[in-house]
Amino acid sequence: MQESMLIEPGSTAKAEWTRDAERSVLQQEFEDRLADSTALAYRVARGVLRNDADAEDVAQEALVRAFRNFQKLRDHARFRAWLVRISFRLALDRIRSAKRRSVREADWLREHERSRSNEPAAPSEFEQHLERAVDELPEKLRLVLLLCAMDGHTIEQVAVLLAIPVGTVKSRLFFARKQLAEKLRCLVKLTENR
Amino acid sequence: MSCETYRESLTDAAVSGEFAPALRHHLTACTSCRSAFEREESLLVALDAGVRASVNASVPASLAARVRAEIVKEPAPHRPVTLPWAFAVAALAAGAILAAIYLPHARNVPAANPIATLRPPATTSANSVQPPRLNTLFPGGVKSSQHDGAVTVVSVSKSIPPQVIVAPEEGAALLRYETLLRGIAARKSQVLAAKSLEVSAGITPLEITELELGDLKIPALSKSESEGDSK
């Protein structure tokens with residue numbers, strides 16, 4: 001096929017070389033961010049899934065997706081916030097798809113994963129209720145609760161991460177904790193009466 | 001004030017850690033509410049500890065290595081073409097093509113016969129610079145040159161865009177189009193000429209003879225007739 005004058009001869013090789021160079025720069029930039037972002041992606045997923053193996057899979061998928069679309073991200077300073085959202089969304093999707101499976105299969109898988117990763121045999125009654133109560137929280141409240149519970153995350157940092165005002169973070173955290181307290185109060189009373 | 005009025009604000013205070021002065025005063029006085037408040041606080045402590053435990057698990061050391069291995073497998077990313085940029089390029093290309101085709105029509109030939117615009121200029125003045133090869137498709141002083149298999153069409157006229165680069169196949173297509181239009185114009189003129197000959201042979205011209213006008217004579221009325229009428 002003939003090429004018009006606008007395309008120089010040998011430009012295909014040059015374009016390939018440029019693409020390779022771009023890729024290596026992009027990969028380097030991404031790997032620089034990987035060191036402190038892996039833990040973030042994993043912890044967000046772990047907070048939602050409460051399972052090490054699932055959280056690891058979700059974090060990996062979130063990071064690979066982030067790499068695929070890294071070039072589309074206009075403001076690379078927003079990378080961590082972007083990654084939090086990807087990881088949180090993927091974790092929720094995984095929970096929803098797991099709920100669709102039969103209870104039997106899910107129970108077997110959970111037991112299998114726990115035996116593999118040497119987790120405690122069974123969570124206490126309080127932990128089970130807490131997990132259920134956290135699962136029932138609205139997504140906005142839940143994400144703020146998880147991020148604020150993460151080590152090294154202040155309310156101001158969470159506000160920056162989610163690009164929302166500090167006041168909004170505070171109010172979401174307040175309502176999340178209040179809803180959890182209201183749901184778990186009955187359990188505490190029952191335990192005290194026993 | 002009874003303890004029930006403080007129940008809601010008791011929970012709010014335990015969650016937020018902020019106390020209204022009235023509530024603070026009531027808590028110092030009422031042991032029942034103080035113990036309820038302490039229960040709320042201990043519940044929140046357990047709750048926060050549970051959430052922190054689920055979130056702050058140690059990150060597996062293999063995760064970063066797994067991600068790096070997956071990234072290496074990923075194909076090279078393509079620079080995304082942003083929509084405004086693509087739109088601007090498409091608009092420029094379309095504008096250039098339209099200008100190259102239609103501007104010579106508008107400039108040099110009356111609109112009644114657009115096919116005539118494709119005719120090459122009849123004469124060039126002695127002082128004007130002769131282009132290296134006249135492209136008959138663009139009669140408004142347009143020259144074309146060929147480099148490395150591509151045809152570059154350069155306009156001399158100021159009214160035409162300064163330079164249009166056309167791929168060889170597009171140039172050939174335009175030349176074919178020109179030939180086609182010339183053929184249609186020639187056939188049309190032949191048909192019209194044949195029809196005018198047929199008309200002149202078959203019908204005799206209409207002859208109109210001149211009308212002859214005679215003098216108008218009006219006889220004068222007698223006096224007795226005019227009086228009888230009045231009675």
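The figures that follow rest on heavy atoms only: side chains count, while hydrogens, waters and symmetry mates do not. The sequence lines fix the lettering, A, B, ..., with proteins before strands; numbering per chain opens at 1.
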Choice from E31(A), E61(A), R177(A) maximising heavy atom contacts with chain B below 4.5 Å: R177(A)
NZ on K178(A) to CG on L47(B), rounded to 0.5 Å: 14.0 Å
More than 12 heavy atoms of other groups within 6.0 Å of K170(A) NZ: no
Residue pair M150(A), R52(B): steps toward the side-chain contact (heavy atoms from CB on, under 4.5 Å) verdict: CA-CA 6 Å; M150(A) 261 180 220; R52(B) 267 201 298 274; over 6 Å; no
Nearest-0.5 Å distance, OH of residue Y42(A) to OG of residue S58(B): 6.5 Å
Over all atoms of both residues, closest heavy-atom pair of L44(B) and A181(A): CD2-CB, 4.1 Å
Engaged part of L34(A) at the chain B interface, taking heavy atoms whose separation is under 4.5 Å: side chain
Separation of D12(B) CG from F174(A) CZ (nearest 0.5 Å): 4.0 Å
Smallest separation among heavy atoms of R43(A) and A57(B), with atom names: NE-O, 3.4 Å
Contacting region of E40(B) [heavy-atom separation from chain A under 4.5 Å]: side chain
CA sep, side-chain torsions, deciding dist, call: E56(A), R66(B), side-chain contact (heavy atoms from CB on, under 4.5 Å): CA-CA 10 Å; E56(A) 199 173 342; R66(B) 274 175 65 184; 2.9 Å; yes
Distance in Å, E182(A) CD paired with L43(B) CG, rounded so as to fall on 0.5 Å steps: 10.5 Å
Close side-chain approach of L63(A) and E70(B), heavy atoms under 4.5 Å: no
Chain A contacts, top residue of S42(B), P60(B), G50(B) (heavy-atom pairs, under 4.5 Å): P60(B)
Least distance between heavy atoms, A149(A) atom then N56(B) atom: O-ND2, 3.0 Å
Distance-minimising heavy-atom pair for L130(A) and V51(B): CD2-N, 3.9 Å
Q60(A) and L63(B): CA distance, side-chain angles, deciding distance, side-chain contact (heavy atoms from CB on, under 4.5 Å) verdict: CA-CA 7 Å; Q60(A) 182 184 329; L63(B) 180 58; 4.1 Å; yes
Contact leader toward chain B among A45(A), G47(A), A55(A), where contacts are heavy-atom pairs under 4.5 Å: G47(A)
Side chain, backbone, both or neither of F70(A) within contact of chain B (heavy atoms, under 4.5 Å): neither
